K.L.:
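Quick one: this structure, given as structure tokens, is what I'll be asking you about.
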Amino acid sequence: MKKNSSLIVVMVLMFFASHQITAQENNNWIAPAHSDSVKNPFVGNARATAEGKEIYNQMCVLCHGLKGKGNGQAGLSLVKKPANFLALKVINQTDGNIFWKITNGKAPMASYEELLTDDQRWKLVNYIRELEINKIKK
């Protein structure tokens, strides 16, 4: 009997360990394929980018930091760190992917679908792209 209960304990531990590894491997946040084809109506619009900066400073800087590195004061206390907008895995995403993520959120990031208009979210995408350009210029 003792041997059987030990075997059960080992099997349960293996199950939870494998589940944890799988959860860590699936930690990437990937927008659905349909978001690839969604086009940003404000591409190249300097005024929209400036408005995006204002929105970013009000809504995003606390977690993502001033330069978008994911190192804002509130973000530092999170177990799952905010995205670093200067990382290649963000830079390589389409504007539609980033817009989808801002719209839908994924804990700990909130959904901004009801907090910001479509235009405001697109302007944020513009500003995130501006942060990337500023990184490359330096």
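Computed from a predicted model, the values in this text were never measured in an experiment.
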K.L.:
Identify the heavy atoms of Ala83 and Val90 that sit nearest to each other, and give their distance.
P.N.:
CB-CG2, 4.4 Å
K.L.:
NZ of Lys106 to NZ of Lys80: how many Å apart, nearest 0.5 Å?
P.N.:
4.0 Å
K.L.:
Which distance, rounded to the nearest 0.5 Å, do you find between the CD of Glu51 and the CH2 of Trp122?
P.N.:
16.0 Å
K.L.:
Nearest 0.5 Å, what's the CD-OG1 distance between Glu54 and Thr49?
P.N.:
11.5 Å
K.L.:
Does some side-chain heavy atom of Lys89 sit less than 4.5 Å from a side-chain heavy atom of Asn28?
P.N.:
yes
K.L.:
Excluding sequence neighbours, so at least two apart, what forms salt bridge (charged side-chain N to carboxylate O under 4.0 Å, His left out) with Asp36?
P.N.:
none
K.L.:
Which heavy-atom pair separates Pro82 from Cys63 by the least distance, and what is that distance?
P.N.:
CG-O, 3.3 Å
K.L.:
For Tyr56, enumerate each residue passing the ring-ring contact (aromatic ring centres under 6.0 Å, His included) test, keeping only those at least two apart in sequence or located in another chain.
P.N.:
Tyr127
K.L.:
Ignoring hydrogens and angles, tell me if any N or O in the side chain of Asn97 forms a donor-acceptor pair with the backbone of Thr94 under 3.5 Å.
P.N.:
yes
K.L.:
Do you reckon Val43 sits in the same ILVMFWY cluster as Ile91, going by side-chain contacts under 4.5 Å, direct or chained?
P.N.:
no
K.L.:
Going by salt bridge (charged side-chain N to carboxylate O under 4.0 Å, His left out), name the residues that satisfy it together with Arg121, two or more places apart in sequence or in a different chain.
P.N.:
Asp118
K.L.:
Between the main-chain N or O of Leu86 and the side-chain N or O of Lys67, is there a donor-acceptor pair closer than 3.5 Å?
P.N.:
no
K.L.:
Has Gln120 got a side-chain atom pairing as donor or acceptor with Thr117's backbone, closer than 3.5 angstrom?
P.N.:
yes
K.L.:
Is a side-chain N or O of His64 found less than 3.5 angstrom from the main chain of Gly72, in a donor-acceptor match?
P.N.:
no
K.L.:
As an exercise, state the distance from CG of Asn84 to CG of Leu131, rounded to the nearest 0.5 Å.
P.N.:
10.0 Å
K.L.:
Is there a donor-acceptor contact under 3.5 Å from the side chain of Ser77 to the main chain of Gln73?
P.N.:
no
K.L.:
List the steps, then state whether salt bridge (Lys or Arg N to Asp or Glu O under 4.0 Å) holds for Asp95 with Arg129.
P.N.:
CA-CA 9 Å; Asp95 285 1; Arg129 295 301 191 201; 2.7 Å; yes
K.L.:
With the 4.5 Å side-chain cut-off for hydrophobic clustering, are Leu115 and Ile55 part of the same group?
P.N.:
yes
K.L.:
Is there side-chain contact between Gln93 and Lys101, with at least one heavy-atom pair below 4.5 Å?
P.N.:
yes
K.L.:
Would you say that Pro32 contacts Trp100 through its side chain, given a criterion of any heavy-atom pair below 4.5 Å between the two side chains?
P.N.:
yes
K.L.:
Has Glu130 got a side-chain atom pairing as donor or acceptor with Asn126's backbone, closer than 3.5 angstrom?
P.N.:
no
K.L.:
To the nearest 0.5 Å, what is the distance between NZ (Lys81) and CG (Asn71)?
P.N.:
10.5 Å
K.L.:
I need the Cys60 SG to Leu124 CG distance, nearest 0.5 Å.
P.N.:
4.5 Å
K.L.:
Do Lys69's NZ or CZ and the ring of Phe85 fall within the cation-pi criteria of under 6.0 Å and 45°?
P.N.:
no
K.L.:
Sub-3.5 Å donor-acceptor pair from the side chain of Ser111 to the main-chain atoms of Thr103, do we have one?
P.N.:
yes
K.L.:
Tell me whether Leu66 shares a hydrophobic cluster with Met59, the cluster being built from Ile, Leu, Val, Met, Phe, Trp, Tyr side chains joined at under 4.5 Å.
P.N.:
yes
